[in-house]
Each structure stands twice: as C-alpha cells, then as structure tokens.
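Residue numbers start from 1 in every chain, and the chains themselves are labelled A, B, ... in the order their sequence lines are given, proteins ahead of strands.
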Amino acid sequence: MVSAASSSSASRHLLGIQGLSRPQIEHLLDQAEQAVELSRQVEKKRNVLRGRTLINLFFEASTRTQASFELAGKRLGADVMNMAVANSSVKKGETLIDTAATLNAMRPDMIVVRHYSSGAVDLLARKVDCSVINAGDGQHEHPTQALLDALTIRRRKGRIEGLTIAICGDVAHSRVARSNMILLTKMGARVRMVAPSTLLPTGIGDMGVEVHRSMETGIKNADIVMMLRVQRERMDGAFLPSTREFFRFFGLDGERLKLAKPDALVMHPGPINRGVEIDSEVADGPRSLINEQVEMGVAVRMAVLESLSQHLRNG
Amino acid sequence: MANSQPPLALINASLIDPQALSQSSGGVLIEEGLIKALGPSVNQASLGSDIQMIDCAGDCVSPGLIDMRVFIGEPGAEHRETIASASAAAAAGGVTTLISTPDTSPPVDDPAVVDFLLRRARDNAKVRVLPAAALTKGLRGEELAEIGLLQEAGAIAFTDGAHSIRSSKVMRRLLTYARDFDALVMHFPQDHDLASPGGMNAGALATRLGLPGISPEAESIILDRDLRLVAATGARYHAALISSSQSLDSIARAKQAGLPITCAVSVNHLCLNENDIGDYRTFFKLSPPLRHEEERLKLVEALADGLIDVIVSDHNPQDVETKRLPFDEAADGAIGLETMLSAALRLVASGHISLPRLLARMTLRPAEILGLPQGRLAIGAPADLIRFDPDEPYVVDPSKLHSRSKNTPFDEAHLQGRVKLSIVAGRIVHD
C-alpha cells in the first residue's frame with residue numbers, strides 16, 4: 001500500500017487516499033467484504049494480528065473512530081492500547097516528535113493517529129519504525145472514512161463508477177470531504193461539492209468535481225447525498241449567519257431529498273447535528289445509511305490493518 | 001573597524017559595477033579601508049612589490065551585499081542566532097552590511113538597546129551590523145516609538161519587523177511623525193485578521209493539503225492603505241517584503257505617481273514557490289507565504305525591470321523546537337544570509353536578469369535607500385568587496401553553514417557562486 005507521502009517507507013503506512021491507486025482501493029474493499037461477513041458471525045475473532053500491538057493515539061477526541069479501530073484490532077487478535085493524548089504528556093509540553101519517539105521505543109506494530117493539525121500524521125510516520133494509519137489529520141485526510149463510505153455505497157448500489165454523489169455542507173473544513181472527493185473521483189463517480197461559498201475551499205473547482213452553491217441544483221438526481229457535519233462554532237456569524245439560516249438553505253429534510261433520485265441514499269460520517277445539517281426524519285428514515293456506515297467502518301479498518309500487517313517486521 | 005591595515009589589491013578580476021551596470025576586467029586597490037584605485041590600470045605591473053596582492057584569476061569582484069532584513073535574536077533569542085554567528089554567516093555569504101530587525105526581546109524600542117547592539121556589533125561582528133529600531137513601543141502597533149532619540153542613538157531605519165501595524169490611525173501618525181526626521185519607515189504589509197490562521201498561499205495546493213491559506217489580498221490591502229497614507233504624508237516608505245503581483249501593481253501605480261516609496265522581495269520568493277512545501281516541509285513555511293509559480297515569475301520580471309528595488313535574505317533562524325512540528329504549529333522563516341547570493345544567481349543563470357543588475361538590487365539600491373556610502377564600486381567608496389565565481393557549483397550542506405540555526409530551504413540544493421572572499425572596510429573577513 002502506498003502512502004500519501006513520498007516518504008521512503010511508503011508501503012508501511014496509510015496516510016491518505018491520495019497515494020492509493022484504484023486497484024489498491026478495490027482490493028481493500030474486497031477484503032473488507034470478508035470482514036463484514038466475519039463480523040456478523042458469533043465467532044468474530046481471527047489470528048492474523050496475534051502478538052501484535054496496536055496503539056490508538058488520539059490527539060483529538062473521538063468516540064466512534066477510536067472504538068472502531070479498537071474493535072477492528074481486537075477482532076484480528078491484536079493487543080490494543082488506547083492513548084487519549086488530551087490528558088497526557090503533550091499537555092506538559094512534549095512535542096509530537098518526542099511522543100512519537102517514546103511510543104516507538106515501546107515497539108508497537110501499528111499506531112493509529114488522529115491529530116488536529118494537517119500533516120501531523122505524516123510527520124509522525126517519518127519518526128517511527130512501525131506502520132502508521134491516519135485516523136484523521138486536521139483538514140487534510142481521513143482515509144478510512146472514505147474507504148468505509150465507498151464500501152457502504154458499493155454494497156448498496158453494486159458499483160461506484162458512474163454514480164452521482166453530492167457531498168454537502170462544510171467542505172472547507174472537512175477532511176472527510178477531501179478524502180471522499182479523492183477516492184470517489186478515482187473510482188469514476190461524478191462528485192458534486194455543495195456548500196455556501198464561505199465553506200468552499202479555494203481551487204476546489206479544479207479538482208475534478210462539480211461545485212454547487214445551492215442544494216436544489218446540488219442534489220438534483222443524485223444517487224447518494226452525503227451530508228457533512230457542520231461545527232457549531234462555524235455558525236456563530238464567522239462563516240454562516242446562524243444555524244437556522246444554514247438549515248433553511250443547506251439542511252437536508254424529506255422535502256428536499258425528493259429532488260434526488262427516487263432511490264437515492266443518505267449518508268453522514270457522524271456524529272450528526274439533528275436539525276442543523278440533517279432532519280431527524282431523514283437521518284432515521286429508511287434511506288439513511290448512517291448506522292450501516294458505522295458497521296462498514298469496523299470492516300474497512302480490519303481490512304486496512306490486515307493489509308498493512310503484511311508489511312510488518314517479521315510479518 | 002580600525003583602518004590601520006596595509007594596502008591590499010585585488011587583481012585580475014572581473015569588476016562588477018552596479019552603478020554603471022557594467023562588467024569589465026581590472027583590479028581594485030584598497031587603502032585606509034577605502035577604494036583607492038580601480039580599473040585595468042590596477043595590475044601586477046603597476047603596483048609596487050610591497051603591496052599585498054590577491055590574484056582573482058578572473059573571478060567576479062563586486063561591492064559586498066547589503067541585506068536590509070535580517071533577524072538576529074540578540075538580545076533574547078541567542079540560541080537561534082547571535083550577532084557573532086549571524087555576522088559569520090553574512091561574511092561567508094558575501095553580505096558585508098546587514099540591517100537587523102528590532103523584534104528581539106527586549107525589542108529595539110529604546111535608545112539603550114540600539115546602543116547595546118552597536119557595542120556588541122563593534123566587539124563581535126565581522127561585518128557591518130546596522131540596527132533598525134521599532135516603529136511602535138513594544139512592537140504593539142499602538143504608540144509611537146521614540147523615533148528621534150532612536151535615530152540619534154544610531155538606528156538606521158524603522159520597522160516593526162514581522163509585525164504589521166493594524167491601526168490606520170497609528171500608521172498615519174507614524175508616517176507623519178517620521179517625515180519630520182526624514183526617517184525611513186520599513187513596513188511589512190499584512191492584514192493580520194485576513195491572514196490568520198493561514199500558513200501557506202491560499203489556493204488549490206493549500207486545499208489539497210488541508211491547510212488554511214493566506215490570500216494575496218492580505219498583503220495588498222495593507223500595502224494600498226500604506227501607499228495612500230504615504231501620498232497624504234510624504235514620508236519615506238519601504239515595503240519590507242512583498243510577494244504577489246497585486247502588490248506589484250500597487251507599487252507600480254505609486255511609483256508612477258512619484259511617491260517616495262521602494263520595495264523589497266526576499267530571495268526565497270524569487271527562487272521558490274508553494275510547491276516546494278511538498279509534504280508539509282516546514283522549512284518552506286514563510287511569511288509572507290511562498291506563492292504560485294506564475295506569481296514568482298512576475299516577481300522576477302519586476303526585479304529585472306526595476307519595479308522591485310531590493311532583494312533581501314529575510315534571514316530568520318529557527319531552531320528544531322520551532323520547526324520540527326506539524327505545519328500549522330511550526331514557526332515561519334528561513335535562514336538566508338549565507339545562500340542569498342548563490343540562490344539569486346539562479347536568476348542570472350536562467351537568463352532573467354544580468355549579473356550587474358542583479359547585484360545592484362543587493363548593493364547600490366539598498367545603499368541609496370538607506371543613505372549609505374558603501375554598495376558602490378567607486379574610488380573613495382568604502383572597500384566592502386566580495387569575490388566569487390558565478391559558475392562554480394556547490395551543494396549546500398546545512399551542517400557547514402555558520403548560522404546557529406539550520407533551517408535553510410536550500411538544504412542539499414545545487415547552487416553556483418560560493419563567495420571566496422569578503423572584505424569589509426579593507427579587511428578580509430572571510431576567505
């Protein structure tokens with residue numbers, strides 16, 4: 001597996017979707033399918049990571065991604081340790097590189113990292129001997145989220161190529177949007193970015209996507225409507241005037257969803273803001289894939305861990 | 001710098017005259033720290049056998065560089081750079097006069113600090129170190145610094161260094177007041193609110209890397225404001241660093257209107273672009289940020305046609321603790337004293353500018369702006385001279401650089417034209 005970075009140890013890490021080819025993505029999705037089956041059995045455990053140590057290193061709070069990696073690691077037989085850095089040595093002034101060196105000395109086999117700065121996972125990956133998996137860095141990438149979204153779509157629609165997929169909401173600040181944009185365009189989907197101009201990053205129009213500034217045109221005839229979480233602090237007048245104005249023009253409710261294809265499905269990386277970007281009626285409705293995405297998350301992470309384990313020392 | 005040394009002659013050189021914009025064979029005779037004679041008549045035959053001669057073997061000899069923007073770190077950040085280490089780097093890079101910025105700790109907003117710097121420079125520096133003082137007290141952008149007293153103490157010019165003055169009212173008063181003292185205001189134009197929390201040029205690359213961007217408007221809005229205020233007050237104004245074509249347009253209009261303004265660009269912005277950031281390489285995190293390649297080419301063009309007056313190194317030593325961090329959290333800045341000439345020579349090699357014209361932007365032009373007698377190849381001018389071969393290749397090895405900090409964006413770069421000899425006031429300070 002090739003990483004987003006051009007570091008010498010490229011194949012050991014998963015740093016972003018950017019560095020993956022379409023066949024590599026397809027291979028991971030195929031592997032994840034098997035993990036879905038395994039996870040639905042009573043006996044969910046395999047031994048491929050037996051004896052291996054996985055560290056979850058989260059510099060930013062996360063419930064579902066951390067739990068998902070923890071379960072994925074355990075189902076493959078690894079020893080999993082969770083480190084919530086918010087209350088650890090980083091607060092005492094230790095730098096990211098020092099933290100990396102310390103953890104490296106404990107000889108883990110894999111480190112799953114989430115960090116609030118773009119590129120921080122890349123930096124850490126250069127300083128350790130083990131595999132590093134990006135669980136979200138700043139506004140850069142969140143590769144396993146994009147993979148689990150792709151798996152969810154492929155299982156429901158049978159394909160990704162040729163689908164029209166609208167990614168709606170806070171595109172500017174979303175690593176989920178970036179990773180999905182890269183993955184879905186690589187897989188041949190027609191990707192639309194739908195947001196008010198203040199939440200569209202510069203140059204997005206040159207990245208192989210359509211840009212829409214209204215939900216009406218943005219989700220029209222879409223196969224998939226993927227909503228993004230909008231941070232409440234963006235809606236205090238900084239980027240958007242108010243929550244209610246955002247919901248009025250960019251929120252997804254049942255009425256608006258009628259503009260999409262009749263069999264359109266709704267996704268959201270979670271956690272959702274009910275009544276801000278998505279109405280409860282839609283979030284909990286029959287076309288919502290939100291809970292299925294969570295299930296696919298564990299499967300995709302199992303596939304990623306297993307695939308990277310083939311590059312581990314003595315592996 | 002005492003001038004008791006015996007006469008010295010550089011012979012068999014290719015003399016670069018930044019005033020005449022010419023290059024010709026000849027020699028330079030130095031006496032009492034000044035240029036005593038120069039031209040083809042200064043040669044082995046014409047000089048007495050008792051005069052020390054250096055055969056330059058056809059290498060270029062030009063006035064030493066004058067670098068208008070150097071952060072040193074003394075006092076307060078000596079772990080990053082001292083006057084001694086900065087001046088060693090300068091001497092090795094052919095910079096014979098440097099203007100230090102006042103954003104030290106304490107800042108240079110008190111005449112006593114100017115005096116301290118001048119004494120430290122006298123005792124420790126190989127090259128001429130001329131301190132610039134603060135425009136505002138504590139560099140806070142609120143109250144005027146003692147421009148008159150600072151000038152009397154020896155401040156060469158006034159700037160808030162890396163800080164840009166937010167208040168238009170303060171800026172107006174500064175320019176109004178500075179004019180009475182004929183003080184040069186060297187301002188870094190950047191709208192703090194618009195620029196933050198950015199770390200690189202706004203655009204597709206920043207979007208791809210997930211980094212917040214700094215648009216060119218963050219620079220041009222403040223520059224335009226300043227230029228309007230210069231028109232109203234008549235103060236001498238120097239845009240300390242510009243990075244975009246928007247700013248070039250503003251500078252062109254103001255110069256056409258006859259305003260007393262000049263501007264500088266850093267050698268980094270002439271030689272590098274945003275793509276060099278690659279995978280979050282923090283040594284390329286600069287303020288203002290590196291721009292798109294098209295913008296770089298416009299800067300190079302403006303340099304060649306004289307719209308840009310000066311090239312600076314914008315030397316900003318940063319240690320490992322401030323650079324080996326995620327991009328967002330890393331400090332801005334790159335060292336540049338030692339590589340400035342070689343990096344700039346890339347523009348000669350690429351055919352964008354002639355060698356004498358390039359050197360004029362780093363010698364004569366800053367001297368004119370600052371009112372200094374050096375920076376010229378003329379009889380009676382201070383003998384601040386350098387020798388280099390513009391075609392001699394070398395690879396930059398950070399461990400061999402004289403600066404205390406090693407944050408060079410030219411790490412392992414293939415450059416040409418290492419400085420072989422630097423002379424300040426007739427004395428050899430690097431060979």
Open item on the list: Is A/Arg178 in contact with chain B via its backbone, its side chain, both, or neither, using a 4.5 Å heavy-atom distance?
Closed with: side chain
Task: Heavy atoms from other residues, nucleotides or ligands near CZ of A/Arg64 exceed 12 (cutoff 6.0 Å) - done: yes
Open item on the list: Once rounded to the nearest 0.5 Å, what's the spacing between atom CD of A/Glu141 and atom CG of B/Leu209?
Closed with: 10.0 Å
Task: Atom pair CZ (B/Arg324) and CG (A/Asp98), whose distance is rounded to the nearest 0.5 Å - done: 7.5 Å
TODO: For residues B/Leu325 and A/Leu123, report the shortest heavy-atom separation together with the two atoms involved.
DONE: C-CD2, 3.4 Å
Open item on the list: Return the CZ to NE2 distance between B/Phe327 and A/His140, rounded to the nearest 0.5 Å.
Closed with: 12.5 Å
Open item on the list: Strictly less than 4.5 Å between heavy atoms, which residues of residues 285-293 of chain B line up against chain A? Please order them by number.
Closed with: none
- [ ] Drop me the distance from A/His115's NE2 to B/Glu329's CD, to the nearest 0.5 angstrom.
- [x] 5.0 Å
Task: By salt bridge (charged side-chain N to carboxylate O under 4.0 Å, His left out) - contacts of B/Arg404 (at least two apart) - done: none
Task: Largest heavy-atom contact set with chain B, pairs under 4.5 Å, which of A/Ser117, A/Ser118, A/Ser174 - done: A/Ser118
Show me the donor-acceptor pairs within less than 3.5 Å that the side chains of residues 193-209 of chain A make with the rest of the protein, sequence neighbours left out.
residue	atom	partner	partner atom	Å
A/Ser197	OG	A/Arg213	NE	2.8
A/Thr198	OG1	A/Phe239	O	2.8

Task: Residues in residues 188-198 of chain B near chain A [non-hydrogen atoms, under 4.5 Å] - done: none
